[in-house]
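Okay, structure first, notes after.
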Amino acid sequence: ERKDHPYTQSQRQVPTPWSWLYYRFAPFEQGTCITMMSRVSQHFAVAVLSACVFASYTVASEASDRPNFIFALADDWGWGDVGVYAKMSNSGDKPPVTPNLDQLASEGTIFTRFHTLASVCSPSRASWLTGSWPLAVGSPYIFSCTHATNVANGQSDFVNLTTPFVARVLHDAGYATAHYGKWHLGCTPDAPAVNEYGFDDSATYVSNNKSVQLGNFSTDPWFPANSSGLIVDHALNFLETHVVGPNGVPTKNFYLDLWFHISHAPLNPSPDQLEKFPTSEYCPWSGMNPAHMASNRVYERCPIQIFRASQHNADAEIGRMVQYIRGNPHLGKNTLIFFSGDNGPEDPHIYFNSVGSAGVYRGRKRSLYEGGISTPLIAWWPGHVRAGVVSGMDFASIDWFPTVASMAQVPLDAKTQAWLRGRDGSALLLSGSDLPDRTELLKWDYRLNMPGHCYHQSPRLAVMSGDGAWKLLMNPDYSRVELYNTTNDLFEATNLAPQYPDVVAQLAKPLLAWVADMPKSPRITYNAGCVMTGAEADQVTPFENPFGLSDYDLA
């Protein structure tokens, strides 16, 4: 029987209450220095307390000299869904209980200005693993397992095998590679098997039957409760059979994707997982949801209880993975762990147990406001990634591929270099060095309906200025144009487009040229949105479902 690892760290005062103009942070624990990065100062260091020198990788070396990589990706986790981030933003009165992620944060670097390049599942995941725009791999929306639905949405059926893939690059350079958990990069019957993308081993769901399946996602009601443990079980078995020799010394470097189901719908924590979140504490009010009421008219279970219990279990399984890495001195000193989320939290109007928090941000999943595309990011590698650091420097999902290739000392051919749209962030991770402004601006395009409160509904397109100070959102026909100073206005509440037409024009030109060069879709929805005053703030838009999309397809 698997048991959660006890959390033995002392309670600590992590970041002090949120300030709209700057971050103020207390040490994670006594004696630990924190290097503070300020968004107000354009994300350059305002207090540098530690530094190290980063040497660029140019020469290939033995496998033991290169880092291993574990990429843990959570599903639909917002800023307020990891303990340390929730404390930064004062999110909710029933905060997340994620002691293992909080410990990773205290021993590593957390990023306050990380962006994923899409606000829904498939395109976000594609941007991580291919290092380029989701639209470039034919993913304006999610990959359905039905060809007709993909055609209707202007979506490819799967990521083409000729697309550069981070796993394939590392595999060809001698790494043992594996992917466990969600796939969702192609699941029609003719889609390639997961392993064809450069993985030695995999066990997945939202993939077709060519690939080994992780449990039974579609029919097992306890799949959500067991999924995190299954993913880590597979990962540990892979390391024991493919990486670690009989004397405990690794025989190969490895790259692992651990893509968790939690906290995507459906959620169904086991009774054991619910024990730490008692009904008396989390659901003390009279029942309003008949599906979950007991006979005494008090909630038998309630959304926040279900949500927090599910996340706590995912955190415990991540802790089990980290404990294994720590327990092997060879792996512990040479493994980089990345934790992030694919997009912002789901809207409860889609699934009533989806009560995740976007923290200080406006927007949720599908929205191009920050709440839909700014998710937690934690980097951990003891002795290499700076410990106890909160960084306001810019990092994005498309940076993962070039950063990993650089750290693994893998030279990229001209075709791959031309394909990549991200930049190498290894100097930022290892020494905190300032990276130059992006020469190719971060851009987004979400083409379908955004359900939920109207003030979360963004325009279709978005672009960020190179220094991150400005963010423009607009429809291609200029029916909505919104400009925000994301340094001073994190919630994107004050539209400055009328005051700064020159900034609008400067950002609109590359944005519109970019979208004109991308594949077209037969189905486009422009969301009306609203301001956040009076009755308008209570407007809710239902989810348009003209193709009979199941929850399976809404990932």
Side-chain angles (χ1 to χ4, degrees), residues 115-120 123 133-136 139-141 152-155 343-344 361-374 396 421 437-534 536-537 539-541 544:
H115 290 95
T116 178
L117 264 289
S119 57
V120 287
W133 312 119
L135 292 176
S139 184
Y141 191 50
N153 288 334
Q155 181 89 8
N343 45 249
Y361 294 125
R362 176 184 184 182
R364 300 181 73 84
K365 182 176 180 177
R366 302 177 188 85
S367 174
L368 298 186
Y369 294 125
E370 290 293 283
I373 58 175
S374 185
R421 291 297 176 265
D437 290 349
R438 293 183 183 274
T439 55
E440 187 150 6
L441 305 181
L442 297 180
K443 309 177 191 75
W444 293 264
D445 182 356
Y446 183 80
R447 301 179 175 184
L448 298 180
N449 183 56
M450 298 177 190
H453 285 289
C454 57
Y455 58 80
H456 291 320
Q457 297 168 2
S458 68
R460 172 188 155 186
L461 305 175
V463 60
M464 193 83 69
S465 64
D467 61 3
W470 294 103
K471 181 180 174 185
L472 174 70
L473 301 100
M474 64 182 297
N475 290 332
D477 62 359
Y478 283 84
S479 57
R480 289 179 67 186
V481 178
E482 300 175 16
L483 179 69
Y484 300 102
N485 183 320
T486 54
T487 297
N488 299 322
D489 184 14
L490 299 180
F491 199 76
E492 296 168 290
T494 305
N495 182 9
L496 299 176
Q499 292 96 309
Y500 295 93
D502 54 333
V503 177
V504 171
Q506 182 182 5
L507 293 175
K509 183 177 179 179
L511 177 61
L512 296 176
W514 170 75
V515 77
D517 193 44
M518 290 291 139
K520 306 300 184 288
S521 296
R523 179 174 169 232
I524 300 288
T525 299
Y526 287 178
N527 294 274
C530 68
V531 295
M532 298 180 300
T533 58
E536 287 182 321
Q539 295 176 19
V540 174
T541 299
E544 295 176 3

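As the structure is a computational prediction, the values presented were derived from the model and not from experiment.
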Kindly say whether [Y] contributes a backbone atom to a donor-acceptor pair with the side chain of [X] at under 3.5 angstrom?
| X | Y | result |
| --- | --- | --- |
| Thr486 | Gly468 | yes |
| Gln457 | Met450 | yes |
| Asn475 | Arg460 | yes |

From [atom1] ([X]) to [atom2] ([Y]), nearest 0.5 Å:
| X | Y | atom1 | atom2 | value |
| --- | --- | --- | --- | --- |
| Leu490 | Tyr369 | CG | OH | 15.0 Å |
| Leu441 | Leu511 | CG | CG | 9.0 Å |
| Ile524 | Asn153 | CD1 | CG | 9.5 Å |
| His456 | Arg364 | NE2 | CZ | 6.0 Å |
| Asn527 | Arg366 | CG | CZ | 11.0 Å |
| Cys530 | His453 | SG | NE2 | 9.5 Å |

Not counting sequence neighbours, which residues clear side chain to side chain donor-acceptor pair (under 3.5 Å) with Ser119? List them please.
none

Only counting residues at least two apart or in another chain, list the ones meeting side chain to side chain donor-acceptor pair (under 3.5 Å) with Asn485.
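Asn485 satisfies side chain to side chain donor-acceptor pair (under 3.5 Å) with no residue once adjacent residues are dropped.
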
With sequence neighbours excluded, residues passing salt bridge (Lys or Arg N to Asp or Glu O under 4.0 Å) with Arg438
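Salt bridge (Lys or Arg N to Asp or Glu O under 4.0 Å) list for Arg438, sorted by chain: Asp394, Asp399.
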
I want to check something: taking the side chain as every heavy atom from C-beta on, are [X] and [Y] in contact at a cut-off of under 4.5 Å?
| X | Y | value |
| --- | --- | --- |
| Val481 | Leu483 | no |
| Val503 | Leu472 | no |
| Leu117 | Trp444 | yes |
| Val504 | Met474 | no |
| Asp445 | Trp133 | no |
| Tyr446 | Ser458 | no |
| Tyr141 | Arg523 | no |

Considering all heavy atoms of both residues, which atom of [X] and which atom of [Y] are nearest to each other, and what is their separation?
| X | Y | result |
| --- | --- | --- |
| Pro501 | Pro498 | CD-O, 3.7 Å |
| Ser367 | Ile373 | O-CG2, 4.0 Å |
| Asn449 | Pro451 | O-CD, 3.6 Å |
| Tyr484 | Ala493 | CE2-N, 3.9 Å |

Sort and list the pairs that fulfil side chain to side chain donor-acceptor pair (under 3.5 Å) and have at least one residue in residues 493-506, not counting sequence neighbours.
none

Where at least one partner belongs to residues 507-522, residue pairs that pass side chain to side chain donor-acceptor pair (under 3.5 Å), sequence neighbours excluded:
Arg447-Ser521

Would you say the side chains of Ser139 and Gln155 form a donor-acceptor pair under 3.5 Å?
yes

Can Glu492 and Arg362 be counted as an ion pair, charged N to O under 4.0 angstrom?
no

Taking salt bridge (charged side-chain N to carboxylate O under 4.0 Å, His left out) as the cut-off, I'd like each qualifying pair that reaches into residues 473-488, sequence neighbours left out, listed once.
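Sorted result for residues 473-488: Arg480-Glu482.
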
